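Order of appearance sets the numbers: ligands from 1, and atoms from 1 within every ligand. No experiment lies behind these values; they were computed from the predicted model shown. When reading the values below, keep in mind they use all heavy atoms of this one structure, side chains included, and skip hydrogens, waters and symmetry mates.
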Amino acid sequence: MIPVTKTYFPPLKEYNKQLERIWKNEWLTNRGELVLELEEKIKNHLGINNITLNTNGTLPIQIALNVLAGCGEVITTPFSYVATTSSIVWEKCTPVFVDIHEEYLTIDESKIEAAITESTKAILATHVFGNPCNILEIERIAQKYNLKVIYDAAHCFGVTYKGQSIFNYGNVSTCSFHATKIFHTGEGGAFFCNDEELNKKLFYSHNFGHNGPEDFHGVGINAKMSELQAAMGLTVLAHIDEIFKNRKRVVDFYNNNLQFDSINRMLHREDTVWNYSYYPIIFKTEQQLLKAKKILNENNIFPRRYFYPSLNTLNYVIQTSMPISESISVRILCLPLYSNLSSDDVSQICLILNKLNN
Ligand SMILES: *Cc1c(COP(=O)(O)O)cnc(C)c1O
């Protein structure tokens with residue numbers, strides 16, 4: 001079977017080495033040696049000054065919203081993983097959807113101003129499939145209306161925009177290190193914040209609000225990463241260059257061998273170094289997508305409909321019409337892409353799709 005993605009498993013011996021450190025320390029959580037070391041290694045690897053590891057990629061979004069958006073309105077994208085919207089609703093904020101760019105698949109910044117009201121507190125936008133939003137324009141709007149910007153950068157490990165890590169942008173950026181993501185700790189995530197004051201608030205929030213053992217800054221939750229997760233992270237990070245190289249090989253093969261007459265690709269924003277995180281293709285109609293999916297499934301190949309459905313159609317939001325997001329979400333399919341996907345398999349996928357499109 002060829003799934004849409006496969007978790008990267010590092011050599012077990014190397015993982016055991018990290019576990020031995022944990023057993024020796026007899027220390028499992030509360031920011032132990034391995035978590036601190038992983039933070040330093042990620043900082044060095046990405047060239048960033050600030051990271052706080054979390055136990056998954058959803059809690060940092062919720063913490064950022066909790067600290068920055070109160071129970072206000074949050075302008076957001078309908079084209080993302082459900083966690084982007086569910087976090088807003090979970091934090092008792094109100095999602096206000098703004099449609100996306102047909103080519104870039106990110107929030108259409110030219111439509112943001114029309115959605116701003118007195119109650120708007122923040123913009124929560126996703127760099128979809130590692131493709132950056134129009135960061136400069138969103139920054140300008142946020143400054144003009146005194147809004148906070150949170151980027152769901154769950155797909156963005158290793159992406160740079162205008163020469164620096166994409167995690168440096170926005171008041172807060174978040175990432176996911178879930179097993180299906182490009183760099184992973186099994187379950188895991190992080191927030192990135194270069195504003196010292198704000199970063200302190202986020203940091204306290206992710207650890208129950210603790211200020212030492214007997215004092216509290218305020219309300220908080222538990223989003224700490226454990227040593228066991230960090231052990232996986234340290235082991236995987238040692239192989240990250242090889243992971244990128246292998247994924248690039250698959251992406252290059254798709255790019256060079258798929259016929260793009262009746263399917264489209266996402267347009268990458270300029271000044272971006274991308275990370276080969278996903279390979280979405282966009283059909284002309286949903287019928288074409290369903291036909292392709294069926295034939296691939298019959299050949300034991302299982303692409304995924306990311307992202308479907310459009311999040312403005314969830315049954316727990318105020319439903320508004322988002323024509324572009326709704327149209328894209330029924331026509332977009334992510335093709336298998338993982339480190340050890342063989343050339344024969346990619347080649348077979350291309351053959352099937354090309355035959356279908358002729
Ligand atoms: C994976 C993902 C998340 C959630 O991350 P978890 O680590 O699974 O909690 C949030 N947003 C987007 C866009 C994602 O793809």
Practice task
State the atoms of ligand 1, each with its element, that fall below the 4.0 Å cut-off from a heavy-atom position in G57.
Solution key: 5 (O), 6 (P), 7 (O), 9 (O)
Exercise for the section: Please write down residue, atom name and distance for the protein heavy atom closest to atom 15 (O) of ligand 1. Expected result: H155 NE2, 2.7 Å
Handout entry: E139 atom CD, neighbour heavy-atom count above 12 within 6.0 Å
Key = no
Practice task
May I ask you to check whether A154 has an N/O atom sitting below 3.5 Å from an N/O atom of ligand 1?
Solution key: no
Exercise for the section: Would you mind listing which atoms of ligand 1 come within a distance below 4.0 Å of any non-hydrogen atom of S80? Expected result: 13 (C)
Problem - Inter-residue atom distance L356.CG - K291.NZ, 0.5 Å rounding - result: 5.0 Å
Exercise for the section: Describe, in one word, how the ring planes of F129 and F79 are oriented to each other, choosing from parallel (under 30°), tilted (30 to 60°) and perpendicular (over 60°). Expected result: perpendicular
Exercise for the section: If you have a sec, work out which protein heavy atom is nearest atom 2 (C) of ligand 1 and how many Å separate them, to one decimal? Expected result: K181 NZ, 3.0 Å
Problem - Parallel, tilted or perpendicular, as decided by the 30° and 60° cut-offs, for the rings of F307 and Y81 - result: tilted
Handout entry: Heteroatom proximity flag, D152 to ligand 1, N/O under 3.5 Å
Key = yes
Handout entry: Protein contact to atom 4 (C) of ligand 1 [nearest heavy atom, distance to 0.1 Å]
Key = T58 OG1, 3.4 Å
Problem - hydrophobic_cluster_shared for V273 and Y161, side chain cutoff 4.5 Å - result: no
Exercise for the section: Report the residues that fulfil ring-ring contact (aromatic ring centres under 6.0 Å, His included) with F244, sequence neighbours left out, ordered by chain and then residue number. Expected result: none
Exercise for the section: Give a yes/no verdict on whether any heavy atom in G188 is under 4.0 Å from an atom of ligand 1. Expected result: yes
